[in-house]
Colleague: 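Let me begin by handing over the structure; questions about it come next.
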Amino acid sequence: MLLKGKYKDGKIIDIKSYVVSTAKTSIKKPQGTGTITSISLNPDWNPTSKTIKVFKDRGINLPSVVPYGDKLNYMGAAKINLSHRVDGQEVYRIHGTLSENTIGTNESAGCIRMKNKEVVELASFLNKFSKNKSLNNISVILE
């Protein structure tokens with residue numbers, strides 16, 4: 001994943017790159033240009049009903065809200081909600097993970113997963129930027 005910036009004169013520069021995990025090859029990935037809708041540090045996780053069912057089929061009963069720090073909170077240390085949609089669903093995020101050894105693979109359900117230290121760094125950087133500008137000044141391009 002590449003983080004880029006744009007100067008007032010339109011020149012685009014590379015700021016930082018990150019190794020991330022993306023969706024399994026069998027899952028349709030969000031694509032195109034979107035925005036960041038919110039940023040949370042130490043986030044709770046609100047699994048979808050579909051996710052709750054998948055976990056239940058594995059013998060794990062998830063609550064509707066999994067608090068930050070819980071061993072089942074798959075958001076990790078930060079989450080960055082995206083406006084991207086796939087087939088009408090809008091639950092795509094950049095977030096940390098409980099399994100940093102999976103970074104660099106295609107194994108998520110559609111979200112972009114990062115190492116916790118790096119997602120906190122990114123979320124903090126974006127929060128600082130949005131205080132000076134706005135989240136509306138940030139484009140997220142997924143290819």
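All values below were derived from every heavy atom in this structure, side-chain atoms included, with hydrogens, water molecules and symmetry-related copies excluded.
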Colleague: Picking from I103, I112, L2, L122, what satisfies side-chain contact (heavy atoms from CB on, under 4.5 Å) with Y18?
Modeller: L122
Colleague: Any idea which heavy atoms bring M114 and M1 closest together, and the distance?
Modeller: SD-CE, 3.6 Å
Colleague: How close do P47 and S64 get, heavy atom to heavy atom, and via which atoms?
Modeller: CD-O, 3.4 Å
Colleague: Could you tell me whether a side-chain N or O of E100 sits under 3.5 Å from a main-chain N or O of N116, the two making a donor and an acceptor?
Modeller: yes
Colleague: Find the distance between CD (Q31) and OH (Y92) and round it off to the nearest 0.5 Å.
Modeller: 11.0 Å
Colleague: At their closest point, which heavy atom of H84 faces which heavy atom of G32, and how far apart are they?
Modeller: NE2-O, 3.0 Å
Colleague: Specify the closest pair of heavy atoms between A77 and V120, including all atoms of both residues, with the distance to one decimal.
Modeller: CB-CG2, 3.4 Å
Colleague: Is it the case that the side chains of N106 and T25 hold a donor-acceptor pair, with the cut-off being a distance below 3.5 Å and no angle test?
Modeller: no
Colleague: Would you indicate whether the side-chain heavy atoms of L62 and K56 approach each other to under 4.5 Å?
Modeller: no
Colleague: Identify the two heavy atoms, one from I15 and one from G5, that lie closest to each other, and give their separation to 0.1 Å.
Modeller: CD1-N, 3.6 Å
Colleague: Please round to the nearest 0.5 Å and tell me the distance separating atom OG of S124 and atom CG of L41.
Modeller: 5.0 Å
Colleague: Please find the pair of heavy atoms, one from S108 and one from R113, that lie closest to each other, and give the distance.
Modeller: CB-NE, 3.7 Å
Colleague: Decide whether F125 and I138 are clustered together by the hydrophobic rule: side chain heavy atoms of Ile, Leu, Val, Met, Phe, Trp, Tyr closer than 4.5 Å, transitively.
Modeller: yes
Colleague: Could you go through the side-chain contact (heavy atoms from CB on, under 4.5 Å) check for T51 and W45 one step at a time?
Modeller: CA-CA 11 Å; T51 301; W45 178 35; 3.7 Å; yes
Colleague: Give a yes or no on whether a salt bridge exists between K16 and E121, defined as a side-chain N under 4.0 angstrom from a carboxylate O.
Modeller: yes
Colleague: Same cluster for V66 and V119 if Ile/Leu/Val/Met/Phe/Trp/Tyr side chains link at under 4.5 Å?
Modeller: no
Colleague: Determine whether F129 and L82 fall in the same hydrophobic cluster, where Ile, Leu, Val, Met, Phe, Trp and Tyr are linked whenever their side-chain heavy atoms lie under 4.5 Å apart.
Modeller: yes
Colleague: Quick one: OG1 on T97 to CD on E118, what's the gap to the nearest 0.5 Å?
Modeller: 12.5 Å
Colleague: For the CG atom of L98 and the CG atom of L72, what is their distance to the nearest 0.5 Å?
Modeller: 8.0 Å
Colleague: How long is the straight-line distance from NE2 of H95 back to OG of S40, given to the nearest 0.5 Å?
Modeller: 12.5 Å
Colleague: Give a yes-or-no answer on whether the side chains of T35 and S83 include a donor-acceptor pair shorter than 3.5 Å.
Modeller: yes
Colleague: Roughly how far apart are L3 CG and I13 CD1, rounded to 0.5 Å?
Modeller: 9.0 Å
Colleague: Walk me through whether S38 and N81 qualify under side-chain hydrogen bond (donor to acceptor under 3.5 Å, both in side chains).
Modeller: CA-CA 5 Å; S38 66; N81 291 337; 2.8 Å; yes
Colleague: Decide whether M75 and L126 are clustered together by the hydrophobic rule: side chain heavy atoms of Ile, Leu, Val, Met, Phe, Trp, Tyr closer than 4.5 Å, transitively.
Modeller: no
Colleague: Please check if the side chain of D44 supplies one atom and the backbone of Y68 the other of a donor-acceptor pair under 3.5 Å.
Modeller: yes
